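Here, residue 1 is the first one in the sequence, and each next residue gets the next number. Numbering of ligands and ligand atoms starts at 1, following listing order. For clarity, every value in this text was computed on a predicted model and none was experimentally measured.
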Amino acid sequence: MAREIIRTQQFAADAARFIIDSARRALAERGEFRLALSGGNTPRPVYASLAPAELPWEKMVITFGDERCVPPDDDQSNYKMANETLLEPAHVPPSSVLRMRGEIAPPLAADEYQQQLDTLAAQRGEPLYRHDLILLGIGDDGHTASLFPGTPALEELSRRVAANYVPKLQSWRLTFTFPLIFAAREICFLVNANKPQSLIDRIFSGDDTLPAARVDREANHVTWIFGEAQP
Ligand code: 6PG
């Protein structure tokens with residue numbers, strides 16, 4: 001595992017720059033950029049900073065690391081958040097976006113999305129779909145994507161996408177599994193100044209009860225971008 005840490009007071013701009021640089025490398029090497037978006041609130045300003053970038057969005061494959069089991073126009077939808085902050089403002093063609101269908105039965109939505117990724121992988125001669133960059137956040141309980149501590153999806157060693165019931169939320173989620181996350185060329189955790197340092201310390205200490213710590217330890221190349229409060 002190679003871990004890189006970036007601490008910045010220009011969180012959104014620097015995170016957007018990191019994504020742009022990753023995109024340019026992938027486009028130069030393989031003619032496409034396969035990016036997985038993170039959900040929640042932290043990425044909002046990052047996506048807004050990314051939207052004006054001069055990028056060939058038609059050469060992108062944009063996926064979602066997880067999704068709430070709600071319709072795409074629901075305020076809880078990660079797709080809705082990404083659409084408002086990035087996809088619409090950047091005029092990303094719909095053909096470049098793979099949306100997890102949170103509005104249908106979770107197991108069906110997971111199967112459908114997994115099949116879509118498997119088809120893309122097969123078209124590229126890959127046994128497993130390989131993202132160029134997966135963006136991730138962390139919850140206060142150490143979850144990442146929708147891999148929550150103590151939930152069944154943590155045990156998925158073969159599926160690439162899972163429907164995961166989260167008791168603490170009393171709701172279903174759709175999520176990438178560890179095998180899909182570990183297959184990525186790069187991982188970038190986006191962590192704003194609101195996250196407690198004690199959580200970061202536990203993750204970096206290798207506390208494997210925290211799903212984010214497992215990604216930090218086992219993924220290929222992990223970059224942490226920490227937003228620091230303005231003085
Ligand atoms: C989600 C996310 C989740 C998120 C963390 C942090 O669907 O909620 O994918 O993993 O990244 O919960 O959320 P905030 O950025 O809102 O703190």
>> Under a 4.0 angstrom heavy-atom cut-off, which atoms of ligand 1 come close to I138?
In response: 5 (C), 6 (C)
> Which one of S146, G39, P43, P211 has a non-hydrogen atom at the shortest distance from atom 4 (C) of ligand 1?
Replying inline: G39
> Hey, are D216 and R3 close enough for a salt bridge, meaning a charged N less than 4.0 Å from a carboxylate O?
Replying inline: yes
> Which atom names give the shortest non-hydrogen contact between D111 and R159, and what distance separates them?
Replying inline: OD1-NH2, 2.8 Å
> Purely on distance, is any nitrogen or oxygen of T144 under 3.5 Å from one on ligand 1?
Replying inline: no
>> Return the closest protein heavy atom for atom 8 (O) of ligand 1 as residue, atom name and distance.
In response: R68 NH2, 2.7 Å
> Is D118 paired with R160 through a side-chain N to carboxylate O contact shorter than 4.0 Å?
Replying inline: yes
> Considering only protein heavy atoms, which is closest to atom 9 (O) of ligand 1, and at what distance to one decimal place?
Replying inline: D66 OD1, 2.7 Å
> Relative to the heavy atoms of R173, which atoms of ligand 1 are at a distance of less than 4.0 Å?
Replying inline: 1 (C), 7 (O), 8 (O)
> Tell me: protein heavy atom nearest atom 10 (O) of ligand 1, and distance?
Replying inline: A145 O, 2.6 Å
>> Counting only heavy atoms from other residues, nucleotides and ligands, does the tally under 6.0 Å from CD of E54 exceed 12?
In response: no
>> To check your reading of the model: name the closest protein heavy atom to atom 16 (O) of ligand 1, its residue, and the distance in Å.
In response: N41 N, 2.8 Å
> Near K195, which atoms of ligand 1 are under 4.0 Å from a heavy atom of that residue?
Replying inline: 6 (C), 17 (O)
>> List ligand 1 atoms under 4.0 Å from G137, heavy atoms only on the residue side.
In response: 11 (O)
> For residues N164 and T151, is any side-chain donor paired with an opposing acceptor at under 3.5 Å?
Replying inline: yes
> Should you measure from each heavy atom of N78, which atoms of ligand 1 turn up under 4.0 Å away?
Replying inline: 1 (C), 7 (O)
> Considering only the protein, which heavy-atom contact is closest to atom 13 (O) of ligand 1, and what is its distance?
Replying inline: G40 CA, 4.0 Å
> With distance as the sole criterion, is a donor-acceptor pair present between the side chains of N192 and T42 under 3.5 Å?
Replying inline: yes
> So, are E186 and R130 salt-bridged, with charged N and O less than 4.0 Å apart?
Replying inline: no
>> Tell me whether ligand 1 is touched by E67 - counting only heavy atoms on the residue side and a distance under 4.0 Å.
In response: no
>> Looking at Y129, I'd like to know if the NZ or CZ of R34 sits under 6.0 Å from its six-membered ring centre while staying within 45 degrees of the ring's axis.
In response: yes
> With V191, which of L136, I200, L199, I225 fulfils side-chain contact (heavy atoms from CB on, under 4.5 Å)?
Replying inline: I200
>> Could you identify the single nearest non-hydrogen protein atom to atom 15 (O) of ligand 1 and state the distance to 0.1 Å?
In response: T42 OG1, 2.6 Å
> Looking at S38, which atoms of ligand 1 are within less than 4.0 Å of one of its heavy atoms?
Replying inline: 11 (O)
>> For the residue pair R214 and F178, would you count it as a cation-pi contact if the rule is NZ or CZ under 6.0 angstrom from the ring centre and within 45 degrees of the ring axis?
In response: yes
>> Out of all atoms in ligand 1, which are within 4.0 Å of some heavy atom of H143? Include the element for each.
In response: 3 (C), 5 (C), 10 (O), 12 (O)
